[in-house]
Amino acid sequence: AQSVTQLGSHVSVSEGALVLLRCNYSSSVPPYLFWYVQYPNQGLQLLLKYTTGATLVKGINGFEAEFKKSETSFHLTKPSAHMSDAAEYFCAVSGGSNYKLTFGKGTLLTVNP
Amino acid sequence: GAGVSQSPSNKVTEKGKDVELRCDPISGHTALYWYRQSLGQGLEFLIYFQGNSAPDKSGLPSDRFSAERTGGSVSTLTIQRTQQEDSAVYLCASSLVPQQGSKQYFGPGTRLTVT
C-alpha cells in the first residue's frame, strides 16, 4: 500500500519569499513521485515528477523538488513566490504493479502582496 | 492538440436519479483513469482502463458505480441511484501508455451535486 502525507493544509507566504510545501510518502516499492497544481475550477496540472536518477527534479514555473529516500520525503520548493502561484498543490505517489496515483490531502498556498 | 475534455462541467441531480459522466481522453492515449475529489476524502482513485478493459476497479465505492470505455477512446462513468455522498468533482485523466511514471493529463472535471 502507498500513502502520502502533506504537512500543512494551508501555507501562506509573502510575494518574493521562499515557498516550501512538504510531502512525505510511504511505499513498499520504489516510488514514483509527482507534484500537481490545481487552480480554482480547473483540473490538475503536473509540475514535476521523480521517476529514477537525479534526486533533484526541476519543474515548470520555477518549482523544484528533492527526493530524499532516507527521509521518505519529496518537498516542493520555489525560491521566490509570485502572486500567480496561489493555488492548491497535491503530492502523489505511484509504484509497483499499479499505475494509479495516490494523492495527499493537498496544501493551499496563499501569496500575500 | 486538444486536452482531456469532460462533460457536463456541472451536473445537479436529485437523490435517487442516475447520472452519466463523460470523458474524452487525448487522442492516442491508451490509458484512462477516473478520480473523485471531495471535501471529506480528498482525491481518490476510482478505476483505470487500459484500452477498453479495466484491470483495476478497486476504487469504485459501491456497485452503484460503473464505467465503460469504448473504441479505446471515450469513457462513461455511471452512478445509479445517486446519494448525497456522491456529490464531488469527478476527474478524468489519460496517459499515452500505462507505464510507471507516465504523465497523467487531467481534464477540468465534472462537478456533481446531488440534492
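What you see is a predicted model, and the numbers here were worked out from it, not measured in a lab. A note on names: the letters A, B, ... follow the listed sequences, proteins ahead of strands, and every chain is numbered from 1.
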If you count every heavy atom of other residues, nucleotides or ligands that lies below 6.0 Å from A/Leu56 atom CG, does the total exceed 12? yes
Option that, when pairs with chain B are counted at under 4.5 Å, heavy atom only, ranks first among A/Leu46, A/Leu33, A/Thr51, A/Thr52: A/Leu46
Quick one: does any side-chain atom of A/Ser73 pair with a main-chain N or O of A/His75 as donor and acceptor, under 3.5 Å? no
Select, from B/Glu44, B/Gln50, B/Gln37, the one with the greatest count of heavy-atom pairs under 4.5 Å involving chain A. B/Gln37
Please state whether the side chain, the backbone, both or neither of A/Phe34 comes within less than 4.5 Å of a heavy atom of chain B. side chain
Identify the heavy atoms of A/Leu109 and A/Val13 that sit nearest to each other, and give their distance. CD1-CG2, 4.1 Å
Counting only heavy atoms closer than 4.5 Å, note whether B/Ser102 contacts chain A via side chain, backbone, both or neither. backbone
Drop me the distance from B/Ile47's CD1 to B/Asp56's CG, to the nearest 0.5 angstrom. 8.0 Å
Which residues, numbered in order, of residues 103-113 of chain B come under 4.5 angstrom of chain A by heavy-atom distance? B/Lys103, B/Gln104, B/Phe106, B/Gly107, B/Pro108, B/Arg111
Spell out, as yes or no, whether a donor-acceptor pair under 3.5 Å connects the side chain of B/Trp34 to the backbone of B/Gly59. no
Please state whether the rings of A/Phe90 and A/Phe103 are parallel, tilted or perpendicular, taking 30° and 60° as the class boundaries. perpendicular
Main chain of A/Phe63, side chain of A/Asn61: is a donor-acceptor contact present, judged purely on distance under 3.5 Å? no
Against chain A, residues from residues 65-81 of chain B with at least one heavy atom under 4.5 Å, in numeric order, are none
When the 4.5 angstrom heavy-atom criterion is applied to A/Gln38 and chain B, the contacting part is side chain
In this structure, would A/Leu48 and A/Val11 fall into the same cluster of hydrophobic residues linked by side-chain contacts under 4.5 Å? yes
Measure up the B/Tyr48 and A/Tyr99 rings against each other and bin them: parallel (under 30°), tilted (30 to 60°), perpendicular (over 60°). perpendicular
Checking the side chain of A/Thr107 only, and the main-chain atoms of A/Tyr89 only, is there a donor and an acceptor separated by less than 3.5 Å? no
Determine which residues belonging to residues 17-29 of chain A lie within contact range of chain B, meaning some heavy atom pair is under 4.5 Å apart, and list them by number or answer 'none'. none
Verify same cluster id: A/Tyr36, A/Ile60 (apolar side-chain graph, 4.5 Å): no
Heavy atoms of B/Val4 and B/Cys92 approach each other most closely as CG1-O, 4.0 Å
Shortest non-hydrogen contact between A/Ser3 and A/Thr102, atoms and distance: CA-CG2, 4.2 Å
What pairs with B/Ser87 under side-chain contact (heavy atoms from CB on, under 4.5 Å), at least two apart in sequence or on another chain? B/Val114
For B/Phe45 and B/Ser58, which heavy atoms make the closest approach, and how far apart are they? CE2-OG, 3.8 Å
